[in-house]
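Quick caveat, the model's predicted, so the values are computed rather than measured. Naming convention: chains lettered A, B, ... in sequence-line order (proteins, then strands); numbering from 1 in each chain.
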Amino acid sequence: MTYALNRVTVPVTVDEEKCIAAKGCTVCVDVCPLDILAIDLAKGTAYMKFDECWYCMPCEKDCPTGAVHVDIPYLLR
Amino acid sequence: MNTIEMEVDVLVIGGGTAGPMAAAKAKEKNPALRVLVMEKANVKRSGAISMGMDGLNNAVIPGHATPEQYVKEITVANDGIVNQKTVMKYATSSFDMIQELDSWGVKFEKDETGDYAVKKVHHIGTYVLPMPEGHNMKKVLYRQLKKRRVEITNRLMATRLLLDEGGAIAGAMAVDSRTADFYVIRSKTVILATGAAGRLGMPSSGYLFGTYENPTNAGDGYSLAYHAGAELSGIECFQINPLIKDYNGPSCAYVTGPFGGYTANANGDRFIECDYWSGQMMMEFYKELEGGNGPVFLKMDHLAEETISTIEEILHTNERPSRGRFHEGRGLDYRTGMVEMHISEIGLCSGHSGSGVWVNEHAETTVPGLYAAGDLACVPHNYMLGAFVYGKLAGESAAEYCASHALPPVDNAQVEAERKRVWGPLDVVDGLPPGQVEYKLRRMVNDYLQPPKVTRKMEIGLQRFAEIEEDLSRMSATNPHELMRAMEIHAIRDCAEMAAQASLYRKESRWGLYHYRVDYPEKNDADWFVHVQVKKDANGNMSCFTRPIEPYIVALDEEEKTAYQKLRIVKEPAAA
Ligand SMILES: Cc1cc2nc3c(=O)[nH]c(=O)nc-3n(C[C@H](O)[C@H](O)[C@H](O)COP(=O)(O)OP(=O)(O)OC[C@H]3O[C@@H](n4cnc5c(N)ncnc54)[C@H](O)[C@@H]3O)c2cc1C
Ligand code: SF4
Ligand code: SF4
């Protein structure tokens with residue numbers, strides 16, 4: 001089987017200036033019920049890894065620095 | 001990848017609403033018990049109430065409602081198909097639970113005199129208790145778990161239950177969604193609290209995770225119970241909810257109703273008498289949506305500024321706080337426009353309708369040592385408070401069972417077979433991506449199972465689901481997260497098959513839109529005033545059969561029986 005690489009925009013974005021994952025924070029990754037956020041170890045910031053979002057917002061609410069922003073997924077906007 | 005073994009007395013699967021309550025109550029009953037909550041997400045923010053809740057939909061509070069009245073209401077709202085004892089048990093325990101939650105720090109709305117400020121939304125009685133500060137629910141529960149020293153494992157997805165030779169519970173198996181480690185947990189009892197089967201149908205937007213239910217609740221518990229040989233009931237009584245079009249927040253008749261908001265058609269006219277969610281109400285909603293006066297709207301633009309800001313404060317901060325962003329994106333203001341509405345995808349959920357694992361008034365399933373509570377346990381229209389009450393009952397019953405039972409041995413054959421199934425997708429090279437299989441499966445669910453139900457269509461659906469079963473072993477997972485998704489698809493497919501079989505079995509129409517069969521359009525009490533059960537038979541096949549309805553403990557008169565049949569507003573013909 002061969003696979004295609006489809007581009008999709010994701011609804012959740014992280015302000016790299018504000019994110020303190022490099023200092024060990026993983027709060028948003030921990031609280032997400034769908035487990036779709038991850039830490040980019042090279043950059044030291046959190047990001048949305050899978051487009052499987054319920055736009056429920058614990059990630060944004062619990063982030064200690066206000067780095068996370070949840071948008072409605074494009075398909076539903 | 002490792003295999004990890006653990007031993008406990010009470011294993012609670014699902015740490016959302018019912019689960020934490022069950023664990024706390026099992027510990028309270030016997031603090032010496034080893035109680036473990038196994039959660040697929042993180043207990044701090046998991047489940048339907050992850051961000052909090054707007055209110056109690058079904059509070060039975062002395063002075064506002066009686067248990068008898070509530071039992072009547074739910075009996076008619078669920079079209080007669082209830083085991084009244086289970087509803088009565090909820091109703092008589094409801095007020096104690098509210099007081100206990102209050103003492104734990106959950107805030108309910110009270111009036112000037114300190115009495116609970118209950119509102120009327122249902123057809124007959126008064127049961128809706130707002131929680132304008134309902135956003136701390138999960139914190140309150142978490143504190144109780146810590147205080148009582150309940151053990152917690154996060155990011156573990158239960159995949160199958162373990163049984164002893166006699167068919168009683170011996171534990172459960174699970175997979176870690178971060179490491180793919182395989183867990184074998186021996187336990188005397190298991191409490192299922194995994195919530196609704198919320199990823200059955202596909203939202204009409206096509207976004208797989210835009211479901212009404214928290215999509216972590218994929219229906220795993222229904223599948224776990226089924227494969228353990230438990231009876232499930234009312235699976236044909238689908239959950240379908242009125243939602244904002246393209247946004248999965250409830251239309252919120254419960255929140256806006258008491259403030260004067262209502263469901264209207266395109267002309268801004270009311271067409272239903274009562275906004276309480278029932279199959280009968282959804283039928284009228286569906287007819288209006290598809291009819292010449294459609295679509296359907298939530299109307300608030302006639303309300304005073306003050307009232308609207310209060311509504312916004314509740315709707316945009318508590319339960320589904322991204323709702324405000326959605327409206328903003330479309331330029332909609334409740335003051336100047338009506339909110340377009342639509343119907344949700346289909347799901348299985350007893351919290352809202354009546355589809356779940358069969359339980360009695362002690363939260364016992366038909367499998368010894370297995371208990372169920374919350375949205376997946378068949379106590380109709382049970383909602384959040386019902387999840388707490390049945391969580392408590394399940395915890396107490398499980399603690400009692402532990403006192404007289406030893407830990408059963410583990411059957412290695414079951415463990416081997418399950419490890420092979422669970423790790424399978426990691427070994428498949430060049431396989432089907434789980435996301436694609438899920439998309440196809442759920443589109444087929446929409447095409448063939450969404451009401452109006454048509455016999456031939458459901459039969460074709462069953463063929464498609466059988467073909468997709470073949471595809472399951474061709475799925476490949478490139479990481480533990482994808483592996484979790486792959487295992488969820490197994491459960492979704494089981495739920496789809498159960499939904500089709502149970503719907504084909506009940507040859508009548510009932511519960512309004514939930515089970516509207518075009519080729520059997522009438523309700524037929526003579527033949528179908530019974531529960532329809534689904535179970536895996538001795539040969540491993542899916543079988544359906546009936547269970548008689550236990551004699552009512554609260555009698556209904558003829559007028560009451562038809563209360564939910566007359567929801568449409570009949571207009572006086574205008575004078576010529
Ligand atoms: C959007 C929305 C609004 C609602 N509004 C109201 C309201 O205003 N008032 C009201 O009374 N009720 C309301 N309800 C209903 C109420 O929230 C539910 O009935 C109740 O919370 C269900 O509790 P539960 O424990 O069954 O499920 P949940 O609280 O959803 O918990 C299920 C848990 O199981 C976990 N899980 C799932 N599968 C597995 C697995 N395989 N292994 C381990 N863990 C697993 C999940 O991650 C989740 O944490 C609402 C529901 C929704 C979805
Ligand atoms: S919670 Fe905020 S600061 Fe912490 S990792 Fe996530 S985005 Fe970064
Ligand atoms: S909005 Fe919810 S599902 Fe989406 S990333 Fe944040 S926590 Fe996860």
Side-chain angles (χ1 to χ4, degrees), chain A residues 1-15 19-21 24-42 45-77, chain B residues 16 39-42 44-48 50-52 135 138 154-155 157 177-178 198 203 205-217 244-249 317 319-323 325-330 429-433 435-436 438 474 476 478-482 484-485:
Chain A
M1 224 172 288
T2 46
Y3 303 95
L5 264 185
N6 289 6
R7 283 195 312 141
V8 288
T9 63
V10 296
V12 175
T13 46
V14 174
D15 184 336
C19 177
I20 52 167
C25 182
T26 56
V27 169
C28 59
V29 178
D30 293 342
V31 295
C32 173
L34 277 305
D35 208 9
I36 55 184
L37 305 176
I39 307 290
D40 182 332
L41 292 174
T45 50
Y47 73 106
M48 191 170 200
K49 189 171 175 187
F50 302 97
D51 180 21
E52 302 169 338
C53 184
W54 195 41
Y55 30 106
C56 49
M57 291 174 60
C59 54
E60 179 176 319
K61 199 111 187 171
D62 296 348
C63 169
T65 65
V68 183
H69 183 78
V70 176
D71 249 326
I72 305 294
Y74 172 74
L75 283 182
L76 318 172
R77 240 173 260 164
Chain B
E39 168 56 54
K40 196 202 250 179
N42 184 317
K44 282 188 181 161
R45 282 296 197 183
S46 60
S50 93
M51 286 301 279
H135 37 71
K138 292 291 309 192
N154 290 318
R155 304 296 170 194
M157 173 191 178
S177 70
R178 296 270 174 87
S205 65
Y207 191 70
L208 287 179
F209 291 76
T211 49
Y212 169 74
E213 294 291 343
N214 184 325
T216 320
N217 299 343
I244 293 172
K245 171 97 169 46
D246 294 343
Y247 182 79
N248 53 6
T317 60
E319 200 176 273
R320 298 291 296 144
S322 55
R323 181 193 311 250
R325 280 178 203 179
F326 171 76
H327 290 318
E328 204 181 308
R330 296 243 169 125
V429 274
D430 250 11
L432 295 165
Q436 253 180 325
E438 179 170 344
R474 295 174 54 218
S476 68
T478 56
N479 55 53
H481 179 86
E482 251 187 14
M484 164 174 71
R485 295 282 176 253

Which pair of non-hydrogen atoms, one from A:Y55 and one from B:G210, has the smallest distance, and what is that distance?
OH-CA, 3.3 Å
Can you tell me how far CD of B:E213 sits from CH2 of A:W54, rounded to the nearest 0.5 angstrom?
7.5 Å
Separation of B:I244 CD1 from A:L76 CG (nearest 0.5 Å):
12.0 Å
Interchain contact, A:L34 with chain B, by part (heavy-atom threshold 4.5 Å)
both
Less than 4.5 Å to any heavy atom of chain B: does that hold for the side chain of A:V29, its backbone, both, or neither?
both
Applying side chain to side chain contact (heavy atoms under 4.5 Å, CB included) to A:F50 and not counting sequence neighbours gives A:I36, A:E52, B:N479, B:H481
Distance col, row B:R323:CZ vs A:M57:CE, nearest 0.5 angstrom, shows 12.5 Å
Can you say whether A:D62 sits under 4.5 Å from chain B via the side chain, the backbone, both, or neither, judging by heavy atoms?
side chain
With sequence neighbours left out, which residue pairs that include part of residues 65-75 of chain A fulfil the side-chain hydrogen bond (donor to acceptor under 3.5 Å, both in side chains) condition?
none
Heavy-atom check, side chain of B:R45 versus side chain of A:K61, under 4.5 Å
yes
Measure the spacing between OH of B:Y207 and CG of A:D51 and express it to the nearest 0.5 Å.
3.5 Å
Sort out for me which of B:M51, B:K138, B:E482, B:R155 touches chain A most, counting heavy-atom pairs under 4.5 Å.
B:R155
Spacing of CD1 belonging to A:I72 relative to CZ belonging to B:R330, to within rounding of 0.5 Å
9.5 Å
Considering only heavy atoms, which portion of A:P58 lies under 4.5 Å from any heavy atom of chain B: side chain, backbone, both, or neither?
both
Side chain, backbone, both or neither: which part of A:K49 has a heavy atom under 4.5 Å from chain B?
neither
Distance in Å, B:K40 NZ paired with A:D35 CG, rounded so as to fall on 0.5 Å steps:
10.5 Å
